[in-house]
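I have placed the structure first, in the form of structure tokens, so that the comments after it can refer back to it.
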Amino acid sequence: MEIKFEYLTENDLEETFNLCMKSFGESFPFEEIKQTYQLCKDDSHYHFIVGKVGEKVVAYTTMVIFHNLFDGLHPIATLWYVCVDEKYRRKGFARSMFKEIERIAILNQCEIIYFTCLQNNFGAHKFYRSVGYTDDKERAFVKYLFEEWENEK
């Protein structure tokens with residue numbers, strides 16, 4: 001089985017949405033996902049990356065490349081929603097996806113690739129360390145503002 005990587009198209013949006021919702025146990029209105037895709041798809045900072053086996057979407061991540069004013073001329077890449085369909089895990093697809101992520105980051109002369117992972121996702125922690133990522137130098141802190149939106153209603 002071989003995986004190929006490409007940029008997300010509208011044709012694969014619903015399948016990718018279903019993969020992410022299943023992988024993360026989340027539920028968002030699909031209509032909002034479609035609107036966000038339309039908003040960002042032509043922005044060169046956004047890279048919506050899908051991995052396919054045949055025509056089936058089995059892996060996905062959002063990669064955003066941006067500059068930080070005080071980090072010099074080289075941009076930073078952030079990842080969101082890194083996932084592989086559970087039927088395709090432990091087959092090297094995630095490792096291949098990170099090679100693709102790093103290829104894109106290098107083409108864009110990124111200095112750092114940054115992402116968060118849930119604290120209790122120990123399998124993912126082990127995998128990320130195995131492909132060269134570390135969490136011993138910095139920690140991510142997250143505040144979910146949507147919870148405050150809900151409290152203001």
Side-chain angles (χ1 to χ4, degrees), residues 1-68 75-108 110 112-131 133 135 139-153:
M1 249 185 306
E2 187 177 322
I3 190 168
K4 65 178 180 173
F5 294 97
E6 57 190 55
Y7 286 109
L8 176 68
T9 66
E10 199 157 353
N11 291 338
D12 294 320
L13 191 57
E14 189 167 1
E15 187 177 8
T16 303
F17 167 78
N18 290 331
L19 170 64
C20 289
M21 295 303 100
K22 184 177 179 186
S23 294
F24 295 100
E26 295 179 344
S27 178
F28 296 110
F30 181 61
E31 194 56 40
E32 287 182 18
I33 305 314
K34 286 174 33 180
Q35 289 173 4
T36 303
Y37 176 73
Q38 291 302 319
L39 181 69
C40 301
K41 69 178 181 154
D42 296 323
D43 184 329
S44 64
H45 297 96
Y46 284 85
H47 302 264
F48 300 117
I49 303 165
V50 294
K52 291 183 172 182
V53 172
E55 293 303 310
K56 180 176 176 52
V57 174
V58 301
Y60 174 79
T61 194
T62 297
M63 181 177 188
V64 182
I65 298 175
F66 66 94
H67 285 86
N68 180 343
I76 295 169
T78 60
L79 305 178
W80 302 91
Y81 286 87
V82 177
C83 60
V84 174
D85 185 307
E86 62 189 354
K87 295 175 192 163
Y88 293 85
R89 292 180 188 161
R90 294 174 184 76
K91 298 182 184 325
F93 294 150
R95 191 169 297 276
S96 294
M97 183 163 62
F98 269 84
K99 285 181 182 174
E100 178 65 7
I101 289 165
E102 291 173 12
R103 183 189 72 77
I104 293 168
I106 289 167
L107 280 174
N108 286 276
C110 292
I112 297 169
I113 297 174
Y114 177 83
F115 56 94
T116 62
C117 180
L118 293 175
Q119 289 181 3
N120 63 351
N121 194 343
F122 302 112
H125 299 177
K126 183 178 178 181
F127 168 73
Y128 295 139
R129 288 182 188 111
S130 79
V131 292
Y133 292 81
D135 64 348
R139 296 283 166 154
F141 292 89
V142 179
K143 183 174 186 178
Y144 294 98
L145 295 177
F146 69 87
E147 293 169 352
E148 292 184 21
W149 298 342
E150 294 297 318
N151 293 334
E152 290 181 11
K153 288 182 180 178

- Query: Going from CD1 on Ile65 to CD1 on Ile76, what distance comes out if it is rounded to the nearest 0.5 angstrom?
  - Reply: 11.0 Å
- Any ion pair linking Asp135 and Arg129 (charged N to carboxylate O, less than 4.0 Å)? yes
- Task: Look at the side chain of Tyr88 and the backbone N and O of Val53, then say whether any donor-acceptor pair between them is shorter than 3.5 Å.
- Result: no
- Message: Looking at Arg95 and Val131, would you say the former's side chain and the latter's main chain have a donor-acceptor pair under 3.5 Å?
- Response: no
- Interatomic distance, NZ@Lys22 vs CD@Glu86, rounded to 0.5 Å, equals 4.0 Å
- Query: Checking Ser23 side chain against Cys20 main chain: does a donor-acceptor pair fall under 3.5 Å?
  - Reply: no
- Item | Over all atoms of both residues, closest heavy-atom pair of Met97 and Ala59 | SD-CB, 3.9 Å
- Query: So how far is it from Ile49 CD1 to Thr61 OG1, rounded to the nearest 0.5 Å?
  - Reply: 6.5 Å
- Query: Does Lys34 have any salt bridge (charged side-chain N to carboxylate O under 4.0 Å, His left out) partners at least two apart in sequence or in another chain, and if so, which?
  - Reply: Glu31
- So with a 6.0 Å cut-off around NZ of Lys99, is the heavy-atom count from everything else above 12? no
- Find the distance between OG1 (Thr62) and CH2 (Trp80) and round it off to the nearest 0.5 Å. 9.5 Å
- Task: Keeping the roles fixed (side chain from Asn108, backbone from Cys110), state whether a donor-acceptor pair exists under 3.5 Å.
- Result: no
- Message: Just checking Phe5: does its CZ atom have more than 12 heavy atoms from other residues, nucleotides or ligands closer to it than 6.0 angstrom?
- Response: yes
- Message: Run the ring pair (Phe, Tyr, Trp, His ring centres under 6.0 Å) test against His67 and tell me which residues pass, sequence neighbours left out.
- Response: none
- Message: Before you tell me yes or no, could you show the steps for Glu2 and Lys91 under salt bridge (charged side-chain N to carboxylate O under 4.0 Å, His left out), namely the whole-Å CA-CA distance, both residues' side-chain angles and the distance that decides it to 0.1 Å?
- Response: CA-CA 10 Å; Glu2 187 177 322; Lys91 298 182 184 325; over 6 Å; no
- Item | CD/Glu26: more than 12 non-hydrogen atoms of other groups inside 6.0 Å | yes
- Inter-residue atom distance Lys56.NZ - Met1.CE, 0.5 Å rounding: 11.5 Å
- Message: Ring-plane angle category for Phe98 and Tyr133, please: parallel below 30°, perpendicular beyond 60°, tilted otherwise.
- Response: perpendicular
- Note on the structure: For Leu8 and Tyr37, the nearest pair of non-hydrogen atoms, with its separation, is O-OH, 3.1 Å
- Query: According to the interplanar angle, ranging from 0 to 90°, do the rings of Tyr81 and Phe24 count as parallel (below 30°), tilted (30 to 60°) or perpendicular (above 60°)?
  - Reply: perpendicular
- Compute the ring centroids of Tyr128 and His125, then answer whether they are less than 6.0 Å apart. no
- Kindly compute the distance separating CZ (Phe30) from CG (Leu13), expressed to the nearest 0.5 Å. 4.5 Å
